[in-house]
Structure formats: C-alpha cells, structure tokens
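Heads up: the structure comes next, in structure tokens.
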There are 2 protein chains.
Amino acid sequence: MEPKRTRARRKSPVRGSAAGNRRIAILKSAASAFRRRGYHGASVDEIASALAMTKGSLYYYFRNKEDILYACHEYSLDFLLHLMREVRDEPIPADQKLRKLILAFVHLILDELQATALTLDPEALSSPLLEKAIAKRDEFDRGMRAIIQEGMDADIFAPGDPKMIEFAIMGAVNLISKWFDPAGPMTSQQIGDAFANYLVGQLAARPGVAAAMRR
Amino acid sequence: MEPKRTRARRKSPVRGSAAGNRRIAILKSAASAFRRRGYHGASVDEIASALAMTKGSLYYYFRNKEDILYACHEYSLDFLLHLMREVRDEPIPADQKLRKLILAFVHLILDELQATALTLDPEALSSPLLEKAIAKRDEFDRGMRAIIQEGMDADIFAPGDPKMIEFAIMGAVNLISKWFDPAGPMTSQQIGDAFANYLVGQLAARPGVAAAMRR
DNA sequence: CTACAGCTTAAACACTCGTTCAAACTCGTG
DNA sequence: CACGAGTTTGAACGAGTGTTTAAGCTGTAG
C-alpha cells in the first residue's frame, strides 16, 4: 500500500518558464520582506499577500520558509560567484577587478534580489543548508581577498590586511539595502559609482598610480 | 478606589547601582541575542536564561521586549552622541576626528554593548520609540557628514559625496559585529586600527598631503 | 464534453513566545 | 524575631504563525 512516495517527491516546478518566474517572484517578495523585517519578523503570509496569493500556495513551490531563505542566498551567491570566476582571471589591473565586483554587487542588491549574504540572517538556516551557503560565501571572500592581495603585490594598493579591508568593503555594500530608498534622489548606478570610487579608488594611495586617471 | 496608579507607575529601578547593573546586564545579554538571532528571532526566555533568570523577571526591569530593544539603541546612541559632541569642536584636523570616532565606534560594538544603530533591527521599534531612535541617529549622521565635509573643504580629503562616504563607513563598521569572533586572532584594538586606517587614511588621496605621515 | 495535471485555496492543527499575576522569597532594618 | 520593600518565580493565557491537507479551480489535450 501507499505507492512508494512518488519517487522524487515532485520535482520543483521549474519546467515552463512561467513556473520559474513564479518562483523568482516569490524570492523577490521574500527577500524584500526579510530585508525589512528580518527572517523571523517576516511572516509567510506577508510574503504571499504581496503577490496576491495565499500562504498555502507557497508550499507548492518551496518546502518551507527556511527553503525560501536559502533560495534567496543561493540566488545572489551564485550570481556573485559566477561573476567572480569571470573577473578573477581577466587581464586587467586589480583595482579595475575590484571596481567591477563592487558595481555588480550594488546592482544585485538594489535592482535584482534585494538580498545579500550577510544582511539576510543566514544564521537562521540550519545545518545542511547553512554549510552550503557559508561555503559559497567563503569562496567569494577568498576571491575578493586574492584580488586585494594582488593589488598590494603590484603596488597599486597601499599595504594593509586584505581580510580587514574585504570585511570593510562587504560591510559597506551589504548595508546599502538598509537605507536605500528607491524614491530617493540617487540611482543605483550613482550609488555604485560613489561606493566604488571611495572603496577602491582611494585604496590606491601610492603616489602617481592609477587613482588619477579615473573617469 | 484604586490608589491613583502609584503616581509614576514605579520608576525604573536605577536607584542603587546594583539595580542599574542588573539593567545593564540584561541589555548586554539582549544585545548579544539580538545580534545573533535578530530581534524577532531572539526569545525573551533566551535573554533571561543567559543570566540565570526566568523571563518573568525581565518584566520587573522593562515594560516589554520592545522596551529592551529601545534601551539598547539608546545606550549606544547616547554613547556615540556624547563622543560626537566632544570631538566635533576639538581643534584637530578632520581626519583625526574621523579616526577617533571610528575607533570609539568599533570599541563600542566589540567591547561594550554589542549593539549598533543599524544592525539591531531598529525597524522593530514602533512609532514613539522609533522616532526617538531615528532622531538620535540622524544627529550622529549629520555630525559625521559635517566632519567629512570639513575635511574636503580643508583639502585633506579628496572630493566626493559626504553622504555616500558616511553610509559606507557606517555600514563597514556596523557589520563588524556579524563576523567578529572574540576567540579569533585579532583584538578589538587591532580591528579598530585596521578599519580606521583603511576608511579614513585612504580618504586623503590628494598628492602630498596628510596620507603620508600617518603612524 | 471529459479527464486530468497543474495550481490555488480555506480551514484546521500544533506550537512557540510575549505578557500577566498572585504568591513566594530575600534580606536589611527596627 | 517580625516586618516589608524589593525582587524573583512558575504557571497560565492568548495571540500569532509555520505547516498540512483535502477539496476546488482552471485550462488544455484527447
């Protein structure tokens, strides 16, 4: 009795792009709610209502609330990792690599999923998912530090502790989502530029190098 | 009947320093829990248990959970505002003012209350308290921007948007609490120095000024 | 039209957690 | 010792919310 649990439990409905879009729409609504109220503060009902659905429907697309949170992280981390792998080996100086990554990060936060690896309470994830998310974030962290180190070795960045500098950059960018107001005077492009200018442009404090010829 | 509600509802027990300490101890425990799990994710029971109390006791010191959160914000914001007022008019160059404030901020986050204005979900506060917290944070923000502007006017900082730079600095420092590990290799002092060096030292990008003669 | 897969719904359940409160405890003072 | 203010407790409650489920809807293929 009982027909063997339908084998694969029902594959997540990513078949037609329609269903995929629905999943993405849920992710965006969830990310927005998580950002505003925090993971525990945002209710599943809230996420669904913003899409004119009932909360029950969400369970057709995701196993549970935690699964939604993980999907948010995976979405943005995969985006960043993809870019990181691309940029890392390009034949351009380290400051330009850093700049590209920061711009993309700001864009991701403001225009795409309003999600970040740090802001969206990853600590709410439990064991198997948490490790996966941390592993991805670690890979990104390592890439960032390698680029910073590369810039220091090439003498286009002032010496310092790459780990601390990376934390500072990630912190600055991650928290943009906390104060950004889409109705405000600045576009995401302008914010990205301003942050990149400050965070990497000024890293080149060595006299006569790079910093001068921007824009 | 009913004796007029004891006049002032029972003043918060700050009388003896013992009671005051208890309040502070609760704040520290709460700040730690809020930082780890978020405001909604941390339970009142959790905050009490860390102090070997029962959750009922907390209601002798605070009206409710939100009141505890507000006290956390007030504590750290008052600390920062006090320092800001002191530093603002000192006869030292802007970069040293900025440096002082950043160092104190890092110290506050790592050694004192593990609380910050941005990280500890201020949005969980409701109307009357939220406005008070925002007003204090705004005053601090304005002070920071004034100092940055001052440095630009004096030509010891490269030109830029003070608002964006201030957001970047606050974001970088605020998020320290998310990754800091007391058992890690760096002391809070070293972290503060590294952040100050990067965040303000690098602001001075004009050739031949300031940047050279640090340390 | 009929059948059926895909999708949505409403209601119900189980559980956690913030808050209240009357009773109990502690300890310095008279 | 007895009193009482200050402090703590444990139990109880009620509201909110994540999750399940069986039934219902919709549109497309036969």
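Per chain, numbering begins at 1; letters A, B, ... match sequence-line order.
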Minimum heavy-atom distance between B:Pro122 and B:Arg137, given as atom pair plus value: CG-NH1, 4.5 Å

I want to check one thing: is the phosphate of C:dT8, taken as OP1 and OP2, less than 4.0 Å away from some side-chain N or O of A:Tyr61? yes

Sequence neighbours left out, what passes salt bridge (charged side-chain N to carboxylate O under 4.0 Å, His left out) with A:Arg145? Give chain and number order. A:Glu166

Please enumerate all residues that pass salt bridge (charged side-chain N to carboxylate O under 4.0 Å, His left out) together with B:Lys65, with sequence neighbours excluded. none

What pairs with A:Lys163 under salt bridge (charged side-chain N to carboxylate O under 4.0 Å, His left out), at least two apart in sequence or on another chain? none

Taking only residues two or more places apart in sequence or in another chain, which ones pass side chain to side chain contact (heavy atoms under 4.5 Å, CB included) with B:Leu110? B:Val106, B:Ile176, B:Phe180, B:Ser188, B:Ile191

Would you say B:Thr54 places a side-chain N or O within less than 4.0 Å of OP1 or OP2 belonging to D:dG10? no

Does A:Tyr60 have a side-chain nitrogen or oxygen under 4.0 Å from the phosphate oxygens OP1 or OP2 of C:dT8? no

Please list each protein N or O that sits under 3.5 Å from an N or O in nucleotides 22-25 of chain D, with the distance.
none

Among all residues two or more places apart in sequence or in another chain, which pass the salt bridge (charged side-chain N to carboxylate O under 4.0 Å, His left out) test with B:Arg37? B:Glu46

Does the protein touch nucleotides 12-21 of chain C at the base, only the backbone, or not at all? Give it as B, S and - per nucleotide, heavy atoms under 4.0 Å. ------BBB-

Sequence neighbours excluded - salt bridge (Lys or Arg N to Asp or Glu O under 4.0 Å) pairs with any residue from residues 72-88 of chain A: A:Glu74-A:Lys136, A:Asp78-A:Lys136, A:Arg85-A:Glu139

So which pairs with a foot in residues 106-130 of chain B pass salt bridge (Lys or Arg N to Asp or Glu O under 4.0 Å), sequence neighbours left out? A:Lys178-B:Glu123

